[in-house]
Amino acid sequence: MMKIACLLALVGSAAAFAPAQQEARVNTAISAKTASAFGNELGVQAPLGFWDPLGMLKDADQDKFDGLRTMELKHGRVSMLAVVGYLTTASGYRFPYMPEDIPAGFGAWHALASTDDGKNVLVQMAIFFVLAEIVNRDAFWLDNEAEFVGDYRNGALDFGWDRFSDAKKMRTRAVELNQGRAAMMGIWGLVTHEIIGVSILPGGILPGQ
């Protein structure tokens, strides 16, 4: 009887682990296939290499990848501006004619919404955001083709880009991508510490308080 019980236990163990092992092999095969498709894209670099832990590129085509890259670039660019703006206001600087009693950080939203002048500022900000979103996109109605995903020059802005070598262009784009990724983590960290009331800024500055 003991031998039969041990045999059944072994069979049950094998049956329990077989699907997991098979699923692991399938997931590994899918990851390898995805990595081979997008492993040479900009942003795939040491130390992580191709990294897609959520499987967002599973069975993805180039259009889906480009769409995700567009969102990554936009979020990164906004986050870089957000970090600079957050740290600038936290240090005490304000736009001309901005009331001095407006706090930095998230506290600024409530303070602005509590006065008529502040509400006007919020409306101006909303208009700016809408215009920025309209301008910062590939203008398909123009006779112009974007050089890469995220290229919103639309034949009007250059800043010497066309004089760069291909190697410098790739390096510059990689720098922007990495700084955008760091900024996304940075603004999230700043906001999180403000919410929990723990300063990570020099001098113990805690915006919004």
Side-chain angles (χ1 to χ4, degrees), residues 42-45 47-48 51-57 64-139 146 148-154 156-157 159 161 171-209:
L42 184 71
V44 179
Q45 54 200 42
L48 295 177
W51 195 60
D52 182 25
L54 299 181
M56 299 181 70
L57 293 176
K64 182 176 181 180
F65 177 87
D66 290 345
L68 292 172
R69 174 51 53 84
T70 298
M71 288 188 283
E72 180 183 23
L73 282 170
K74 281 194 173 184
H75 280 82
R77 290 167 178 174
V78 171
S79 295
M80 286 188 278
L81 291 172
V83 169
V84 172
Y86 191 100
L87 296 178
T88 300
T89 55
S91 65
Y93 289 97
R94 296 290 188 275
F95 281 118
Y97 308 110
M98 174 66 74
E100 295 182 358
D101 58 345
I102 299 296
F106 268 139
W109 295 102
H110 176 73
L112 288 172
S114 62
T115 65
D116 290 338
D117 289 340
K119 291 177 182 178
N120 289 333
V121 172
L122 293 177
V123 170
Q124 294 175 42
M125 290 173 61
I127 294 174
F128 172 79
F129 293 153
V130 171
L131 292 176
E133 180 63 24
I134 293 174
V135 172
N136 285 280
R137 62 178 61 243
D138 187 21
F148 51 86
V149 176
D151 175 18
Y152 302 139
R153 292 174 296 157
N154 293 315
L157 300 174
F159 300 112
W161 177 264
R171 182 181 181 280
T172 303
R173 290 174 58 198
V175 168
E176 180 197 24
L177 193 59
N178 281 333
Q179 289 182 343
R181 290 168 175 173
M184 284 187 276
M185 298 299 294
I187 191 62
W188 184 248
L190 290 168
V191 169
T192 299
H193 280 81
E194 178 186 334
I195 292 174
I196 64 178
V198 179
S199 175
I200 57 175
L201 298 178
I205 298 174
L206 188 59
Q209 304 302 315

Name the atoms and distances for all side-chain donor-acceptor pairs under 3.5 Å in residues 115-133, with sequence neighbours left out.
unit_1, atom_1, unit_2, atom_2, d
Thr115, OG1, Gly118, N, 3.0
Asn120, ND2, Asp116, O, 3.4
Glu133, OE2, Lys74, NZ, 2.8
Glu133, OE2, Arg137, NH2, 2.9

Set of ring-ring contact (aromatic ring centres under 6.0 Å, His included) partners for Trp51, sequence neighbours left out: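 Trp51: no ring-ring contact (aromatic ring centres under 6.0 Å, His included) contacts found.
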With sequence neighbours excluded, residues passing ring-ring contact (aromatic ring centres under 6.0 Å, His included) with Phe148: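 For Phe148 the ring-ring contact (aromatic ring centres under 6.0 Å, His included) partners, ignoring immediate neighbours, are Trp161.
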Report the residues that fulfil side-chain contact (heavy atoms from CB on, under 4.5 Å) with Ser199, sequence neighbours left out, ordered by chain and then residue number.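 Counting only residues at least two positions away or on another chain, Ser199 forms a side-chain contact (heavy atoms from CB on, under 4.5 Å) with Leu201, Leu206.
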To the nearest 0.5 Å, how far apart are [atom1] in [X] and [atom2] in [Y]?
{"X": "Ile102", "Y": "Arg94", "atom1": "CD1", "atom2": "CZ", "result": "8.0 Å"}
{"X": "Thr89", "Y": "Phe95", "atom1": "OG1", "atom2": "CZ", "result": "9.5 Å"}
{"X": "Thr70", "Y": "Tyr152", "atom1": "OG1", "atom2": "OH", "result": "4.5 Å"}

Minimal non-hydrogen separation, Tyr86 against Gly105, with atom names: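 Looks like CE1-CA, 3.9 Å.
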Only distances under 3.5 Å count here; give the side-chain donor-acceptor pairs of residues 174-193 to other protein atoms, sequence neighbours excluded, each with its distance to 0.1 Å.
unit_1, atom_1, unit_2, atom_2, d
Glu176, OE2, Arg77, NE, 2.5
Glu176, OE2, Arg77, NH2, 3.1
Asn178, OD1, Gln45, NE2, 3.1
Arg181, NE, Glu72, OE2, 2.6
Arg181, NH1, Gly43, O, 3.3
Arg181, NH2, Glu72, OE2, 3.2
Thr192, OG1, Trp188, O, 2.7
His193, ND1, Gly189, O, 2.9

Within the distance-only criterion (no hydrogens, no angle test), does the side chain of Arg69 pair as donor or acceptor with the backbone N or O of Gly150 below 3.5 angstrom?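 No; judged by distance alone, with no hydrogens or angles, the pair does not exist.
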Determine yes or no for a side-chain-to-main-chain donor-acceptor pair under 3.5 angstrom, with Glu194 supplying the side chain and Phe106 the backbone.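 Checking the backbone N and O of Phe106 against the side chain of Glu194, a donor-acceptor pair under 3.5 Å is found.
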Partners meeting salt bridge (Lys or Arg N to Asp or Glu O under 4.0 Å) with Asp66 (sequence neighbours left out):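 Partners of Asp66 by the salt bridge (Lys or Arg N to Asp or Glu O under 4.0 Å) criterion come out as none, since no residue qualifies.
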